[in-house]
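To keep things clear, I will list the structure first and then write my remarks on it.
Worth saying up front: this structure is predicted, and the values here are computed from it rather than measured. All chains are named by letter (A, B, ...) in the order of the sequence lines, taking the proteins before the strands, and each is independently numbered beginning at 1.
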Amino acid sequence: MGSSFVIRRLFQIIPLFLAVMVLIFLLVHLIPGDPVSTLLGDRATPDIVARANRELGLDRPLVVQFGLFVWGLLHGNLGESINLKVPVLQLVTERLPVTLFLTVYAALIGVLLAVPLAVLAAVRRNTWVDVVIRGVFQVGLSLPVFYLGLQLLTLLGARMGLFPIGGYGVTFGEHLSHLFLPALTLGLNLAAVLVRTLRSSVIEVLTAEYVEFARAKGLRSSVILSRHVLRNALISTVTLLGLNVGALIGGAVITETVFAIPGVGRLMVDAIFSRDYPVVQGLTLVFALLVSLVFLATDLLHARLDPRVEAV
Amino acid sequence: MITTLDAPRARPRATRRRLPKPTLVLGLLLLALLLAAAAFPRLFTPFSPTDFDYTAILKGPTGKHPFGTDNFGRDVLSRVVHGTRIDLQIALLTTLFPFVFGTLLGAVTAFRGGVLDAVVGRLADLVVVFPFLVLVIAIVAVLGPGLTNMYIAVSAVGWVSYWRLTRGEVRTQKGAEYAQAAQVLGYSPSRVLLRHLLPNAVTPAIVYLMTDMSLGILLGASLGYLGLGAQPPTPEWGVMVADGKNFMVTAWWISTFPGMALTLAGLTFSLLGDGLADALRPRS
Amino acid sequence: MTAASHPGHVTAPVTGADGPLLQVQDLNVHLPTPRGELHAVRGVSFDLRPGEVLGLVGESGSGKSVTLRALLRLHPRGTRLSGRVTYAGQDLLTLPDARLRGVRGGQISMIFQEPMSALNPVLTVGEQIRENLREHTRLRGRDAMDRAAELLDLTGIPSPRARLQDYPHQFSGGMRQRAMIAIALASEPKLLLADEPTTALDVTIQDQILRLLLKLRDELGMSVVLVTHDLGVVAQTCDRVAVMYGGRLMETAPVTPLFTHPLHAYTSGLLRSLPDGGSGAHRQPLQPIPGSPPDLRALPAGCAFSPRCTFVTDACRVAEPPLVPVAPGHASACIHHDRLPPLQGQA
Amino acid sequence: MTAVPSPIPPRGPATPPTPDAAPLLSVRGLTKTFPVRQGLLDRWRGQPRAAVQALTDVQLDVRRGETLGIVGESGCGKSTLARTLVRLMPADRGSVTYAGTDVLALQGPALRRYHRQVQMIFQDPYSSLNPRMTVGQVLREALTVHRLRPPHEIPARVTELLNLVGLPPEAAGRLPHEFSGGQRQRVGIARALALEPECLIADELVSALDVSVQAQVVNLLLELQTRLQLTVLFVAHDLRLVQHLSHRVAVMYLGRVVEIADTETLFSAPSHPYTQGLLAAAPGLDPTRRRAQPAIVGELPSPLRVPSGCAFRTRCPHAFARCETERPELRARTDGQQVACHLDTPPLPEETRTARP
Amino acid sequence: VTRGGQLTYGRYADSLFLDPVLNDANLDIWILTNLYDTLLQPTDDGKSVRPGLASTYVVSGDGKSMRLVLRSGIRFADGSPITSADVKWSLDRARNPDNGAWNGLLESIQSVAASGNVVTLTLKHPDPTLPSALATFNSAIMPQKLFAAAPGANDAAKAKAFAEKPVGSGPFVLSEWKRGSYMVLKRNPYYWKKGEDGKALPYLDTLRFEIIPDDNTRILKLQAGEIQGAEFIPLSRVAELKASPKLNMMLFPSTKVNDIIMNNRPKLKDGTANPLSDVRVRQALNYAVNRDALIALVTFGTGKPMKSYMSSATPLFDASQKGYTYDPAKAKALLAAAGYRNGIDVTSMATSGSADDQALLTALQQMWGAVGVRLKIEQLDAATKTARYRANDFQMRTGAWTDDIADPSEITGYYAVSGATEAAHTGFRSDAIEKLFDQSQQETSRVKRAGLYRQIQTLYTNAAPTVYLFETPYPVALTKNVKGFIQIPLGYNIFERTSIEK
Ligand SMILES: Nc1ncnc2c1ncn2[C@@H]1O[C@H](COP(=O)(O)OP(=O)(O)OP(=O)(O)O)[C@@H](O)[C@H]1O
Ligand SMILES: Nc1ncnc2c1ncn2[C@@H]1O[C@H](COP(=O)(O)OP(=O)(O)OP(=O)(O)O)[C@@H](O)[C@H]1O
Ligand SMILES: [Mg+2]
Ligand SMILES: [Mg+2]
């Protein structure tokens, strides 16, 4: 695989980014309402609004604003939040790690839950074990994130006092314990998606001829499961994870609200609602970059796991 | 005239009239229940879903109100039952356009390939790198909240999955010999595509459609939580769950029953999806 | 029960050992299917001498693979097996799992039709060979490495040490089949079960692989059960042949008599339906067996071949004829075996 | 002969077509490559880097009324050739002329007319029929789309077609999965015949069928060809079948035609070392005659990296320096045989067949 | 009282900009006085003022100047003394018409003179609201030197930098701020005010604000003891938390009024005729509201009916005001009289995602439906709603108001007087009210002002430019051991006397 592969892929991201940029710029500026009105509240007089607009450069033609946005971008400047009056880059560096932590944590929990259970369900397919596993995850798939989150929070957090309620904490250990419930919430949702697909892919692997060949070689079941089945099942897991990362980050928007986590998801929603253009634009680009990188990482990981991918 | 060399051997009739799978049967039964609730809500409950009853605010489940009442004294059962219509509508309308458009586009781009395929592919990339919910929120913010705009927003994003599924399937099926035969028989591309390829390539999309329907309801709920979904006093399950969350401690029934309805609908669609996957698979 | 446990043998050409290596008696396999059990293998009996290559032929769905897999109990969950499979004095059908594992891949190895799907795509060929060595030998580390290279070399793969690091997809079809054979040979088995090992290959490669099998048989003295539906392969490779139809053995015979004097209507029909392969274009009608291969769910009463048989009489439809010895080393389940016309151009 | 009653009265050998007639179908310099793409998710797919050389400068003629057999190892481009001839695939280079018209340039109605004349029948009995259409629908569609019969005559024609391929009329109401493999191939043939073509291209028509059924379909093809004066391109890898059916045979290796000759010549005096090896490698039915040595050694090269010069040189026992640098062209030998080999008469491999008891 | 300790207080959203002059939002305003001190301070009931950094203030006889004397020994949180120059600079900055949205409160000041510890304000005209204005956040006294030392080319840039780590003279000083997550305030050791024990306030060592947007989560954290106080308890949970033995559920009186703001113009923005331009229709809508039921449904019994456009906690609220009673018959009659026998269709904008707006409008739909008014709810996100409102492009909207200054002039200027914002964008205009208001703005006699305001309130109620709904308190829940916290009617959270008892 090599660096050329990575470089080529990175180059492909550039036109995508241009498009994302134009789209998001148009989108946010099409939204009725403006940041100043929102900021200043009902009572601000037209003078005050006009002055604020002038100060923020929002009275200029859209094309000029777009040009300035791109110009800033080229200089590594994502602009400054109208609302919070801090550079967007600062917001991103402060909050992105939180969301990343949450997303990775959730993905981990989701995979750790889904993989063994999906394998179990596949091995015991059409028995009650299978039915129970699939049933439970079906429920998980049908419940809104915020509902699931609040229920977990009430039960495991408040009633049983097992986990802190919300927040992010300061140390790594605190992150782990604070983010456990939100990560579990997201992870359960993800696991529900994973189990469905993974189960059938494990069944497929289990009936593959190389598994039969492995049995014919006299290998014990544990070896067959861990070496032959799981490794292949992981390939589809990785692909699926990659494809779901957008949804995972999307789900973080609501989870972050419920669990009072200062991540980019909540920031994004707030920014949309308050028409904080620079924040929306900056964050969207960061999101897009992130998702693209995740796709790239998925591909690379896939290529590592599956030697066929790199063929030719 | 060549005489018949061997008598065609029809498979035993049982093969054809095979009973549908239990999953499909259960799914259809549940769907029937949901449709009945949507069509004739009054059969299930005498109360209006929107009328207030100041004398019965936040009352727990009783014989009169089996699911209790909410903070306006509205009967939760009748709100859940009347919500069926809205939620089935959400399930349908959040997925209908993406399904039809995405599937057709997928079929056409896979069949045609070339520039069209590449352009649509880039477009799909664009949609995919945006976090789904964020994009939907942004679009709803542009258009204003409410179900109709939610449908528009979801459609703008949702077609990609169908496009991808159908495109992949058509690309596979395109190689199948029956499809090549249709081309060699001199059929027009549209006939080959619509009459031969699409019916054989649409199954994964239909199966996904079922999952997507429950995802649609969930999305409605999430947008409801953010205030962008169904508007009051419309009884919509997701919004009911969201509204009820403030009463989760004091009046659990307000959010629990709509939550169960959501799960039931999700289960229905997923059973139907599994069942349809079986039923639609041509036997060979 | 049939009398098939004592059909005679061609003298095994290589080893002089007497007594069968493997003895299969009245093997029955009931497979679970969504539409109820399927009786896929019905009372199959045969035995196998050391160093012998037995061909198991028959059309698609006749039960060849199921028979072969049943020998090692490689059947789907819910399958019912009955009968006896005696190997080295033990019944493989009742052997405890742990001991069976030692036989599987150790004493008796198996190879499959599709090398691409039988090799795990995500493990290197070397890993897949060493896996077998770890299970059945005491070789570890370097030694295992060396042995693996040796095995690849034995199957005729050039620069074997380097190829150990390759993944199956980096091999060509013929090399994959060789690699699978190398894996199967890792434990120096006494018996190789080969399920259509060359069907997916080109004739020139098929030629090489079959030749390789015969060479290994000669060098290592192992026996081979070769499942195939290609009569040419049988003619070129096997010492003895068992013909299956509808889950039963129809005829067992040394290879030459089978091709010259088939003693079952089905075998005869099969050979007759093939183009005779003279020197030029013939463009004359062939002589097909009418009808289509049987559906195991709807077998006729009596002989399974009776609906397609040109020699059928009422007697054929009464009961399934047993496989009985009809000539030295030659057994047939055809009650009209003595009334079959000779094959054209032979005899 | 046997006592097996044959439904088709045996005939004498079919008269070979007149060799001097202008070819019905003529292929010149046909070349086709498949770029191999790399990558995982479609959207990130990169630029083509390598290409499968499926057909290289293929050159052959098919005469009216004859059966031309095409043999060769798997992946040598037989199917690609067949598909290119019926315009299922565009060619990179070269020309295909059918009765004087340039096939590769046909468009719209002209292409439809061509398809009425040249039909293809397919290998896979399971995938060559639309699983959702009954046999009747399949045949009716062919008849209606091309307006071959007025609507009221269509049912009768469907029955007639079914009859032609030996299926009963009630087969029209069944779905493909209700038929056996051999019957499906008959349906496939009926579908092709619905257009009343002059030329049939049969790609591995019977390869997927059981031996006992193969002969049924082969007989049907023979019968139809004689009755309807069809020209047939018979693609197969079973040498015995090809030998039985074809007037002439073309041998392909890695995308190239290496030898064409009439069947008699090719099977009795193969000229190209590959043809020789191929014939030798085919397992004969006589257990008493076994060869001790492999017919050809070495693996088939990857079509992505076709050897320079003569593609067969890596496995050829007679290869010499020129084979590596210069590609041998297909040249006519005196007896109407065309061979692509630098050696005029490569020695036949020595007779290594050994008799066994 | 117990001294020391840390109080963690759950807020629903984070502050935005901690500059007293340039800020815009309640999120800032309501905690600013913990960081910045003012010359005067509002009393706990929010109805009058008391000395702050200035120990005394005297208004001249003609009402055209004010003299304030600074306390001695007062210091900023960094230990530097507060001088009258700081005061002059701060007030000049606060009243600069180019600065922020609040400079109008100090509009009457002609000039500020500082000498020694005396500050003299010269006024353009007598201004009865000035003491209140000097007790308002935007007149906070800031350290001129530190501000000038902040990086930045102009006032705006410096303000931005300064507000990241502000230093004032309030009871606390900002020590750490992680935006959107938490804010830590430390005790200001130089604070001048003394506590019950005679030692300097505040009692707490640390005050920590945690940002917890979700109501339920905030409550769960409080119940789990992870935080000691939580603001904006949903009113639906008040009864439940009141019953909790571990918590003090506080309902602090507020100046918050909840109403429906109507467009009184004859035509709507899209050109259609607007029935709400008829005073009878507007009155009918007021009569058709069952406020008691609303209070039960929407505020869960915590609110009280509005009797005037201003809250009963606003100074000079006229206790004799009756507002509107619930009288559907009269409402129908008025509608009929206005010619709308078949009822009318109206649309109200609501803030999407606001459970209160939803509950309120759902209830109003029912009540108005009973008299033939068909209400359509149009949910818009806050930004769109504000933009539409500001452009007068609406028919009705949910409205809420909280006073920022302890004086009725602010709300009156916004609601009743057709200034720059056209009487809360209603388009309502009453010459009588305009005249009375002008008078009241120069009237220094509290009694006379009260009389003027009584007339204004009566006139306003009769003209009914808005639909009166209810007043709601500030619901704050604290653990039982938290003492001395107060949220005054203006919304300020006052932690200076808060302590955590053992
Ligand atoms: N796992 C299974 N479950 C159910 N039925 C099976 C299973 N495996 C095989 N069968 C059925 O058992 C019968 C015998 O199958 P088997 O695979 O032994 O045939 P075969 O002779 O090997 O044919 P082929 O030449 O096609 O490989 C067939 O009817 C097949 O459909
Ligand atoms: N659509 C395609 N895309 C890429 N490569 C292809 C495609 N079709 C065929 N090929 C490649 O072209 C080469 C020739 O293939 P083709 O199918 O013509 O061979 P064949 O002679 O018909 O083989 P077989 O006997 O296995 O049917 C092969 O290497 C094949 O992998
Ligand atoms: Mg088999
Ligand atoms: Mg082919």
Side-chain angles (χ1 to χ4, degrees), chain C residues 59-61 171-175 200-208 210-212 229-238 254-256 258-260 266 268-293 308 310-311 341 343-344 346, chain D residues 1-8 10-11 13-14 16 67 73-74 180-183 210-216 218-219 222-223 237 239-241 243-248 262-264 267-268 277-278 280-288 290-291 293-297 299-300 302 315 356-357:
Chain C
E59 290 176 286
S60 184
F171 279 21
S172 71
M175 282 162 66
L201 303 175
D202 288 309
V203 269
T204 56
I205 309 291
Q206 160 171 297
D207 185 47
Q208 296 171 11
L210 291 176
R211 234 155 265 291
L212 170 66
H229 59 245
D230 186 334
L231 290 167
V233 167
V234 171
Q236 294 296 314
T237 320
C238 300
V255 65
T256 314
L258 188 100
F259 278 87
T260 49
Y266 171 62
S268 166
L270 215 51
L271 288 168
R272 241 176 266 277
S273 70
L274 296 173
D276 57 10
S279 63
H282 295 260
R283 299 190 48 80
Q284 277 167 10
L286 297 167
Q287 298 169 41
I289 302 176
S292 40
R308 303 173 73 191
T310 28
F311 307 101
L343 287 178
Q344 193 194 7
Q346 279 152 2
Chain D
M1 255 327 211
T2 70
V4 180
S6 168
I8 306 177
R11 281 164 222 263
T67 299
E73 302 200 38
S74 172
S180 70
Q183 290 169 330
D210 272 319
V211 185
S212 66
V213 182
Q214 264 184 8
Q216 300 171 3
V218 165
N219 283 353
L222 278 173
E223 171 70 23
H237 58 248
L239 290 172
R240 264 195 306 272
L241 271 181
Q243 181 183 12
H244 188 88
L245 270 169
S246 317
H247 299 109
R248 289 195 309 137
D262 57 63
T263 310
E264 178 76 48
F267 280 85
S268 57
L278 192 65
L285 280 174
D286 184 351
T288 60
R290 293 187 179 178
R291 264 177 311 105
Q293 292 307 310
I296 298 182
V297 292
E299 304 285 334
L300 194 65
S302 157
R315 305 169 77 193
R356 278 173 66 101

Contacting moiety of C:Ser268, where chain D heavy atoms sit under 4.5 Å: neither
Residue pair C:Ser292 / D:Val213: nearest heavy atoms and the distance that separates them: CA-CG2, 4.5 Å
Point-to-point distance, once rounded to the nearest 0.5 Å, from CZ of D:Arg315 to CG of D:Leu300: 5.5 Å
Residue, of C:Val203, C:Thr204, C:Leu201, C:Val234, that accumulates the most heavy atom pairs under 4.5 Å with chain D: C:Thr204
Reported CG-to-CD distance for the pair C:Leu270 and C:Gln287, which is rounded to 0.5 angstrom: 12.5 Å
Among the listed options D:His237, D:His244, D:Gln214, D:Arg240, the residue most often paired with chain C at heavy-atom distances under 4.5 Å: D:His244
Which portion of D:Val211 sits near chain C, non-hydrogen atoms under 4.5 angstrom: both
Choice from C:Ile205, C:Leu258, C:Asp230, C:Leu271 maximising heavy atom contacts with chain D below 4.5 Å: C:Ile205
Nearest heavy atoms of D:Arg248 and D:Asp262, plus distance in Å: CG-CA, 3.7 Å
Approximate separation, where rounding is to 0.5 Å, of C:Leu231 CG and C:Phe259 CZ: 5.0 Å
Residue, of C:Gly232, C:Gly61, C:Gly174, that accumulates the most heavy atom pairs under 4.5 Å with chain D: C:Gly232
Spacing of CZ belonging to D:Arg290 relative to OG1 belonging to C:Thr237, to within rounding of 0.5 Å: 6.5 Å
Engaged part of C:Leu274 at the chain D interface, taking heavy atoms whose separation is under 4.5 Å: side chain
D:Ser74 portion near chain C, given a 4.5 angstrom heavy-atom threshold: both
